[in-house]
Amino acid sequence: MASVWVGSRGAVKDFLGFSAGRDADAIRKAIKGLGTDEDSLINILTQRSNAQRQLIVKEYQAACGKELKDDLKGDLSGNFEHIMVSLILPPAYFDAKQLKKAMKGTGTAESILIEILASRTSKQMKEVGDAYYTVYGKSLGDEISSETSGDFRKALLFLANARRDESMKVDEQLAKKDAEILYNAGEKKWGTDEDKFIEVLCLRSFPQLKLTFDAYKSICNKDIEDSITSEMSGHLEDLLIAIVNCARNMPAFFAKRLHKALKGAGTDGYTLTRIMVTRSEIDLLDIRTEYKKLAGYSLHSAIKSDTSGDYEATLVKLCGGDD
């Protein structure tokens, strides 16, 4: 079965001549010796696909009687530890863990909820929901319900419950109709009917939404983003804008987030790791292209100037090249 986490524009591919046993053994030696052989760890884990890493994890457990995750945590630290552990988690479990972290403790990290829920496909969200329940014994929807509120909660639940249509067929008539509905729900009336925006933006496929945005522009001579910004506020506005950006150009959406994580005072290692790990097999090549367009320099050079040590080496390998 083809994984819903693998696209055609990833920088990380299956490693040819792969042997899980040989890799597990090399990793055991890299961890066991006096001082850790970080280079071996980096070379193996960044140059195998996630599916291959899962096989290494199994072999390691069988050979050592311990979980690789625990041994990495015991041996490494900081951003380097976080990215290494992230690489060996199945993608749905990694997302589940990030969502849990975003909702844990005081305050919710809405930007993480928004990034994940706006960009994942319905098929991916189904797997994330299953993983969430397996690990935490609670439904993702219930947790979102108790940590968020109002229209923002309503929109997140549509997305968490994998309600977005995924067919590639587009319908011109529906696009015109939806564009009218959005115009009547916002620009044309006093006050805004948020429900209509939430329904259209959270239920229609991305190709369908692109058509709808074109129809919208021809009706009211405004980009949908401008209407959302003037009609809404707060987290709901951020979420709906993120959905529009993902529908228009997903790699550009991630390039912008990477750019923000890499510039300014202090690097946002969590966001950097999350995006580099989760997009490495899907569309990282396109994200690199968009990054260069946006920043005027390559993602590769931004990583080299803003990170250091083993963490930098890992990111550079995942990035896969300079542009």
Side-chain angles (χ1 to χ4, degrees), residues 2-20 22-23 26-27 30 37-57 72 76 79-91 94-95 98 115 119-120 124 246 249-263 267-323:
S3 166
V4 301
W5 302 95
V6 177
S8 60
R9 302 290 298 152
V12 173
K13 308 265 189 226
D14 276 333
F15 182 73
L16 299 171
F18 169 69
S19 155
R22 197 171 57 225
D23 284 346
I27 288 173
D37 177 0
E38 286 89 353
D39 291 348
S40 285
L41 285 180
I42 294 168
N43 284 330
I44 295 170
L45 293 178
T46 59
Q47 293 178 18
R48 307 295 184 267
S49 65
N50 189 281
Q52 291 176 329
R53 290 180 212 125
Q54 300 316 311
L55 299 173
I56 295 172
V57 168
L72 290 174
L76 314 174
N79 278 325
F80 181 51
E81 174 202 328
H82 177 57
I83 196 166
M84 282 292 160
V85 172
S86 301
L87 284 169
I88 64 168
L89 288 175
F94 178 75
D95 273 359
Q98 296 281 307
E115 178 195 301
S119 64
R120 303 306 188 250
Q124 288 171 339
C246 286
N249 184 339
M250 183 92 72
F253 169 76
F254 283 112
K256 200 167 163 190
R257 291 187 74 94
L258 281 173
H259 189 240
K260 201 173 147 204
L262 279 161
K263 77 181 211 296
T267 301
D268 175 359
Y270 269 106
T271 296
L272 189 51
T273 292
R274 185 175 59 251
I275 296 176
M276 293 297 289
V277 168
T278 57
R279 307 316 290 185
S280 60
E281 290 182 58
I282 300 176
D283 54 3
L284 189 54
L285 297 177
D286 295 330
I287 292 169
R288 276 169 36 186
T289 305
E290 293 295 339
Y291 193 95
K292 180 116 191 225
K293 267 192 227 165
L294 173 72
Y297 47 85
S298 68
L299 176 58
H300 185 275
S301 64
I303 288 167
K304 284 193 88 72
S305 71
D306 273 2
T307 60
S308 61
D310 296 320
Y311 182 52
E312 175 197 333
T314 308
L315 290 168
V316 164
K317 279 260 160 65
L318 285 177
C319 185
D322 202 352
D323 300 296

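Just so it is clear, the model here is predicted, and its values are computed rather than measured.
Between the CD atom of Q98 and the CD atom of E115 there is a distance of 8.0 Å, given to the nearest 0.5 Å.
Nearest heavy atoms, F254 versus R120: CZ-NH1, 3.9 Å. Residue S49 comes nearest to V12 through the heavy atom pair CA-CG1, 4.2 Å, listed as atom of the first residue, atom of the second, then distance. Nearest heavy atoms, S301 versus D322: N-OD1, 4.3 Å. Residues L284 and L318 come closest through the heavy atom pair CD2-O, 3.5 Å. Closest approach of F15 and F18 over heavy atoms only: O-CB, 3.3 Å. Of all the heavy atoms in H259 and L294, the pair that sits closest is CB-CD2, 3.7 Å.
Note on K292 versus D323: no salt bridge recorded, every NZ/NE/NH1/NH2 to OD/OE distance being 4.0 Å or above.
A 6.0 Å sphere centred on NZ of K256 holds no more than 12 heavy atoms belonging to other residues, nucleotides or ligands.
Tested against I282 for a side-chain contact (heavy atoms from CB on, under 4.5 Å), the candidates R9, M250, Q124 yield a single pass: Q124.
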ask   = Going through the distances and angles, do E281 and N50 end up as a side chain to side chain donor-acceptor pair (under 3.5 Å)?
value = CA-CA 8 Å; E281 290 182 58; N50 189 281; 5.2 Å; no
query = Given L87 and R48, is the side chain to side chain contact (heavy atoms under 4.5 Å, CB included) satisfied, shown in steps?
reply = CA-CA 10 Å; L87 284 169; R48 307 295 184 267; over 6 Å; no
Steps toward side chain to side chain contact (heavy atoms under 4.5 Å, CB included) verdict (L45, M84) = CA-CA 8 Å; L45 293 178; M84 282 292 160; 3.6 Å; yes
message = Go through it in stages, so that I can follow the logic: the residues are S298 and R288, the test is side chain to side chain contact (heavy atoms under 4.5 Å, CB included), and I'd like the CA-CA distance, side-chain angles, deciding distance and then a yes or no.
response = CA-CA 7 Å; S298 68; R288 276 169 36 186; over 6 Å; no
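Residues satisfying the side chain to side chain contact (heavy atoms under 4.5 Å, CB included) test with V316, not counting sequence neighbours, are H300, I303, K304, E312.
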